[in-house]
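Since the structure is predicted, the reported quantities are computational estimates derived from the model, not experimental observations.
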Amino acid sequence: MPNAEIARTQHSTRPILLLVAGNWWPIAARMAAAFIEHGCLVAALCPPGHPLRYVHGMHQIRTLRALSLRRSLEHAVLAVQPDLVVPCDDRSVAQLHELHRLRPQLRMLIERSLGEPRGFNVVDSREELLENARELGIRVARTFGVGSAAQASECFARVGPIAVLKMDDTSGGDGVYITRSANEAAAAFRRTRFEATLTLAFKRLVVNRDPMALWSWRRRRRQTGVTLQQFVRGTPANIMVACWRGKILAELSVQALSSQGPRGAALVVQVITDPQLSRAAALLAGRLKTSGFFGLDFILEQGTGAAYLIEMNPRCTQLGHLKIAPGDLAGALCAALSGRERPRATQPIVSDTIAFFPQAFLWGAQTAFLERVHHDVPWEQRRLVKALLQDPWPNRHWVTRLYHWFRRPAALEATQTVPTDRPAEGAAPLHAAADHGTSGGLLYSRQ
């Protein structure tokens with residue numbers, strides 16, 4: 001498909017993008033910086049103190065307000081008049097799906113940004129997504145939808161001896177429980193009911209400064225599904241793609257060398273080429289007619305290398321800004337919007353091993369200090385680097401500090417998948433990032 005097919009019609013030279021971010025993840029800021037570098041006008045809708053506010057060159061920044069989320073999003077879209085909306089977390093995707101149902105005048109923009117609406121319900125449900133993948137011949141981890149503790153216990157017998165219980169509307173380890181018995185599976189299901197309590201929602205609103213806490217509570221009370229999934233032993237891997245109307249524009253695949261515990265996002269990755277991942281992404285993009293970005297999480301089975309699809313992230317992930325030789329994924333989408341060829345990276349990453357900043361250092365990932373590791377620090381964005389080395393803005397608030405004085409946050413602990421014994425040259429100064437408080441890393445922990 002020629003790029004000219006999706007070239008912009010209103011603004012012939014500079015695409016206007018609106019990034020929507022409700023979580024304090026660094027990926028939103030990294031994508032914004034990449035889009036700006038590729039000549040886009042970039043606006044953002046985000047909470048106060050978000051890393052997006054420290055990116056040099058932003059066109060406009062609007063505030064996401066906890067008590068008027070939908071209105072904040074709708075007003076931002078109308079004020080910015082973007083060519084595309086780029087969600088940077090799963091809940092922002094769900095917000096756009098809701099807005100699509102409620103505001104007919106915005107449907108064209110949302111469909112241009114995310115794809116055809118027939119795919120919205122599929123990406124909102126892990127069970128439906130994996131069923132669609134299975135129909136397409138993609139290898140998936142055996143998964144069952146469960147609606148009660150008794151059903152969770154019953155299904156465990158069909159997927160054990162180890163199973164993973166997951167809530168919909170969560171990502172990167174939130175709402176995920178590894179269970180080793182039928183009783184543990186039942187107990188994990190009961191814990192998911194606590195996730196939908198108003199008390200916990202208020203705690204997240206006041207202490208964690210989560211602008212989507214009350215919206216998430218209302219949504220989980222109405223429709224959150226729970227699945228029990230076969231546990232596959234192996235190495236986590238994922239692919240991120242830029243796509244348009246079901247066609248892949250560009251892709252990047254990696255396997256995790258270190259991650260945020262056994263359930264969280266990758267800290268250090270190795271770039272790979274795996275036809276299994278590419279095929280799955282192409283098939284799902286074609287089935288769902290997706291546009292923009294999405295990622296797929298896999299487990300590469302120990303011993304066989306067989307790729308089992310675990311879940312989909314229907315938004316940009318932390319791979320989108322990486323300057324590999326063919327060019328980054330952000331640049332591929334920008335080029336398509338402008339009717340140009342995908343720009344190749346002028347200074348591509350030489351190493352195939354990449355440590356994400358600041359997450360790898362906050363979590364103390366040993367693989368970040370191996371030889372020939374590329375440290376993904378945005379040196380061209382000095383204000384952003386300084387901001388990411390600090391505790392996230394919510395953790396600097398007096399209410400949060402008081403709460404953590406009585407109830408200390410869990411210690412950050414990276415899970416390594418390769419032995420580490422050789423520090424990288426020049427890595428020591430960067431390790432200072434891990435000394436800026438463990439509580440700060442908690443808000444960077446799920447991407």
Side-chain angles (χ1 to χ4, degrees), residues 1 3 6 15-23 25-38 40 42-45 52 82-97 100 109-116 119-120 122-124 129 171-172 237-254 265-266 269 277-278 280-298 309 311-324 326-338 342-343 356 446-447:
M1 179 191 65
N3 287 346
I6 56 173
I16 301 176
L17 305 182
L18 173 63
L19 273 61
V20 182
N23 295 354
W25 292 346
I27 58 173
R30 303 305 302 273
M31 290 296 287
F35 285 134
I36 292 168
E37 185 175 340
H38 288 294
C40 297
V42 180
L45 176 67
L52 277 164
D83 296 293
L84 284 184
V85 181
V86 181
C88 299
D89 54 72
D90 299 76
R91 294 185 299 175
S92 296
V93 175
Q95 284 271 310
L96 288 167
H97 291 173
H100 181 274
L109 170 64
I110 295 172
E111 290 175 22
R112 188 164 68 243
S113 302
L114 304 181
E116 293 188 6
F120 293 176
V122 176
V123 301
D124 281 343
L129 184 279
S171 60
N238 55 72
I239 183 172
M240 178 180 171
V241 302
C243 54
W244 184 259
R245 295 178 182 171
K247 302 294 184 181
I248 304 296
L249 301 174
E251 64 180 59
L252 176 60
S253 298
V254 299
V269 298
L277 277 58
S278 299
L283 288 172
L284 282 170
R287 165 69 68 93
L288 304 176
K289 301 299 181 185
T290 52
S291 292
F293 302 105
F294 72 84
L296 298 176
D297 291 342
F298 296 83
L309 177 63
E311 64 183 13
M312 180 186 211
N313 299 304
R315 36 82 181 175
C316 57
T317 70
Q318 57 185 349
L319 305 180
H321 67 282
L322 296 176
K323 297 179 180 179
I324 58 174
D328 57 51
L329 302 188
L333 187 61
C334 290
L337 287 170
S338 303
R342 179 185 179 186
F356 292 114
R446 291 172 172 86
Q447 300 173 49

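- Atom-to-atom distance recorded for Glu251:CD and Leu249:CG is 11.0 Å, nearest 0.5 angstrom.
- Here the side chains of Arg91 and Asn23 are in contact, with some heavy-atom distance below 4.5 Å.
- For the atom pair Asp328 CG and His38 NE2, the distance stands at 3.5 Å (nearest 0.5 Å).
- Within the 3.5 Å criterion, the main-chain N or O of Arg245 finds a donor-acceptor partner in the side chain of Ser291.
- Between Val123 and Pro314, the closest heavy-atom pair is CB-CB, 4.0 Å.
- For the pair Leu319/Phe356, a side-chain contact is recorded, criterion being any heavy-atom separation below 4.5 Å from C-beta on.
- Shortest non-hydrogen contact noted between Leu277 and Ala237 is CD2-CB, 4.3 Å.
- Asp297 has its side chain within reach of Asn313: a pair of non-hydrogen atoms, C-beta onward, lies under 4.5 Å apart.
- You'll find the side chain of Leu17 reaches within 4.5 Å of the side chain of Leu337, heavy atoms only.
- Summarising the geometry, atom SG belonging to Cys316 is positioned 5.0 Å from atom CD1 belonging to Ile27; distances are rounded to the nearest 0.5 Å.
- The distance from atom CD1 of Ile324 to atom CG of Leu252, rounded to the nearest 0.5 Å, is 4.5 Å.
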* Let me see the working for Val86 and Val42 under side chain to side chain contact (heavy atoms under 4.5 Å, CB included), right down to the final yes or no. => CA-CA 10 Å; Val86 181; Val42 180; over 6 Å; no
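- Taking the side chain as every heavy atom from C-beta outward, Met312 and Leu288 approach each other to under 4.5 Å.
- Across Phe298 and Asn238, no two heavy atoms sit closer than the pair CD1-CA, 4.5 Å.
- Here CD of Glu111 is found 14.0 Å from NZ of Lys289. Values are rounded to the nearest 0.5 Å.
- Using a cut-off of 4.0 Å between Lys/Arg side-chain N and Asp/Glu carboxylate O, Arg315 and Asp90 are scored as salt-bridged.
- Side chain of Ser92 to backbone of Pro87: no donor-acceptor contact under 3.5 angstrom is found.
- Inter-residue side-chain proximity for Ser113 and Leu84 is flagged as met; some heavy-atom pair is nearer than 4.5 Å.
- Closest non-hydrogen pair, Ala281 versus Ile248, comes out as O-CD1, 4.1 Å.
- Between the side chain of Asp83 and the backbone N or O of Pro15 there is no donor-acceptor pair closer than 3.5 Å.
- Met240 places a side-chain heavy atom less than 4.5 Å from the side chain of Leu329.
- Across all their heavy atoms, Ala330 and Phe293 have their closest contact at CA-CZ, 4.2 Å.
- Ring pair His97/Phe120 is parallel by interplanar angle, where below 30° counts as parallel and above 60° as perpendicular.
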* Could you go step by step and tell me if Leu284 and Leu309 meet the side chain to side chain contact (heavy atoms under 4.5 Å, CB included) rule? -> CA-CA 11 Å; Leu284 282 170; Leu309 177 63; 4.0 Å; yes
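- A donor-acceptor contact shorter than 3.5 Å is absent between the side chain of Arg342 and the backbone of Ala335.
- You'll find the side chain of Val269 stays beyond 4.5 Å of the side chain of Gln318, heavy atoms only.
- Rounding to the nearest 0.5 angstrom, the gap separating the CZ atom in Phe294 from the CD1 atom in Ile239 is 7.5 Å.
- For Leu19 against Ala28, the heavy-atom pair with the smallest separation is CD2-O, 3.4 Å.
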